[in-house]
Structures are given as C-alpha cells and as structure tokens.
Amino acid sequence: MITIKDAVFLKSAPSMNETVAEGVSEVAFIGRSNVGKSSIINALTKRKGLAKSSSTPGKTRLINFFDIKFSYLENEYVARFVDLPGFGYAKVSKSLKYEWQKNLTEFIKKRSSIRLFVHLIDARHPKLEIDRDVNDFLHSIRRDDQQILNIFTKADKLKQKDVSALKKIYPNALLVSSSSGKGVEKATEAIFKSLFGEPN
Ligand code: GTP
Ligand code: MG
C-alpha cells in the first residue's frame with residue numbers, strides 16, 4: 001500500500017519572491033475558498049492541525065509548504081505539498097483582494113516545480129462557475145510535465161443518491177471526506193501515481 005509516512009511544515013511565504021527553492025516535485029492544492037484544501041492535506045498526511053483550517057473562508061492567506069515522504073514497499077519518495085489561499089473570497093478591500101489573487105495566479109503559473117495541480121471541488125456543488133473558471137485557468141497554463149487531478153471534497157455531506165448522480169457524470173470521480181477519512185487512501189494513491197507513475 002502507498003502511504004504518507006512523514007509530513008512536516010517547511011515554510012509559509014507571503015509572496016512568490018519569498019518561497020522555498022524549487023526542485024522537489026510539488027503538489028499544489030487549488031480551489032475556491034473553504035472547499036477544504038487545508039483539511040485534505042491534514043487528512044492525507046493524517047496529521048491534524050498540520051495545515052490550518054477554519055470554517056471562516058479566507059483562512060489560508062500564505063503559500064504554505066510541507067515536506068512529504070511517501071512510502072511504498074521498502075522505498076521512500078519525496079515530494080512537497082503546497083497549501084494555497086482560495087479563489088474567490090476575501091473579506092478585504094477590492095484592491096487587496098485583487099493583489100492576493102494576482103499573487104496566487106502568478107505563483108501557480110510560474111512555479112515550475114509543481115508537477116500536479118489538485119483541483120478540489122465541493123461534492124455538493126460540482127457545477128459552480130468558479131470551478132469552471134479554475135479548471136479553464138489550470139488547463140490554459142498547464143505545461144507538458146504538469147498534471148491536473150480533480151478531487152471532490154466533503155463527501156460525507158452527500159446522500160447516497162447524490163453520490164450516484166455525481167458518479168454518473170464523473171464515473172472515475174475521487175470522493176473524499178476529510179472528516180471521516182473516507183476516500184483518503186484512493187486519493188493518496190492517485191496523487192502518488194500522478195507524481196511518480198505506477199510503482200513497481
Ligand atoms: P481557505 O484556506 O479559506 O481557502 O479554505 P480551505 O479550502 O483550506 O478549507 P478548510 O480546509 O479550512 O475547510 C473549510 C471548512 O470545511 C472547515 O470548517 C472544515 O472543517 C470543513 N471541511 C473540510 N473538509 C471537510 C469534509 O470532508 N467534510 C466536512 N463535513 N467538512 C469539511
Ligand atoms: Mg486553507
């Protein structure tokens with residue numbers, strides 16, 4: 001089984017210019033504010049409180065880096081998770097909001113160590129315009145060595161009939177509940193395979 005055996009906080013950076021040196025393969029968690037980006041990092045790494053989450057949208061305001069060690073059989077695989085601010089919400093002035101979103105898109109565009117964009121979508125609201133925008137944006141800036149993986153969050157809030165409806169539209173949908181841990185193993189595996197390919 002593929003697992004995450006180590007996860008440590010590395011750094012919070014207020015802007016593109018103050019981030020950590022590139023090199024290690026990075027996974028950027030992207031999505032609208034409050035969708036569960038920080039929570040899924042805690043669920044994947046099984047470390048509560050590693051990434052700061054909150055019911056108030058706009059909690060994550062910095063670019064947060066975590067050193068991650070995956071393990072499969074006897075081998076270790078090193079990566080980095082990046083927890084980012086959300087799209088679309090900020091209880092601040094318009095100009096400051098513009099500044100933040102510019103910082104965020106700039107980072108996503110220019111950071112060449114990013115190998116995988118994990119686009120998180122609220123499973124209860126899979127068709128929001130903001131997610132279509134995020135999807136279009138990611139596809140427009142993606143380089144050949146970068147992949148995009150969609151993960152639906154807050155799966156515990158769905159009724160069985162909603163799960164079936166979602167799976168009809170997205171047969172291979174990865175559904176995760178960060179609160180119960182359901183779907184976390186499959187998501188870990190999907191992230192690992194996007195980064196390192198099929199383990200042998
Ligand atoms: P920003 O940093 O503000 O952009 O938000 P975020 O995307 O990092 O969301 P965060 O992880 O802080 O979670 C937002 C809220 O949703 C918190 O109250 C979490 O407890 C809740 N939440 C996150 N994931 C789940 C989940 O799988 N199930 C349920 N029920 N609640 C969740
Ligand atoms: Mg957050």
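Atoms within a ligand are numbered from 1 in the order they appear, just like the ligands themselves.
Among the backbone and side-chain atoms of S33, no N/O/S atom is found under 2.8 Å from the Mg ion (ligand 2). At a cut-off of 2.8 Å, S54 is not counted among the residues with an N, O or S atom near the Mg ion (ligand 2).
In plain terms, the two heavy atoms of S25 and L195 that are nearest each other are CB-CD2, 4.3 Å.
Aromatic ring centroids of Y72 and F196 lie 6.0 Å or more apart. Aromatic pair F81/F29: centroids less than 6.0 angstrom apart.
In terms of N/O distances under 3.5 Å, ligand 1 is approached by G58. The shortest N or O to N or O distance between K157 and ligand 1 is not under 3.5 Å. Polar contact with ligand 1: present for T60 (N/O pair, distance under 3.5 Å). Looking at N34 next to ligand 1, an N or O pair under 3.5 Å apart turns up. Polar contact check, P85 against ligand 1: no nitrogen or oxygen pair lies under 3.5 Å apart. The shortest N or O to N or O distance between D83 and ligand 1 is not under 3.5 Å.
Nearest-heavy-atom check against atom 12 (O) of ligand 1 across S38, S54, S179, G36 picks out S54. In this structure, of R32, K37, K182, R61, the residue bringing a heavy atom nearest to atom 6 (P) of ligand 1 is K37.
Residue contacts with ligand 1, taken as heavy atom pairs separated by less than 4.0 Å, involve P57 solely via the backbone atoms N, CA, C and O.
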**Asked** Yes or no on side-chain hydrogen bond (donor to acceptor under 3.5 Å, both in side chains) for E18 and S15, after CA distance, side-chain angles and deciding distance?
**Response** CA-CA 6 Å; E18 294 156 81; S15 76; 2.9 Å; yes

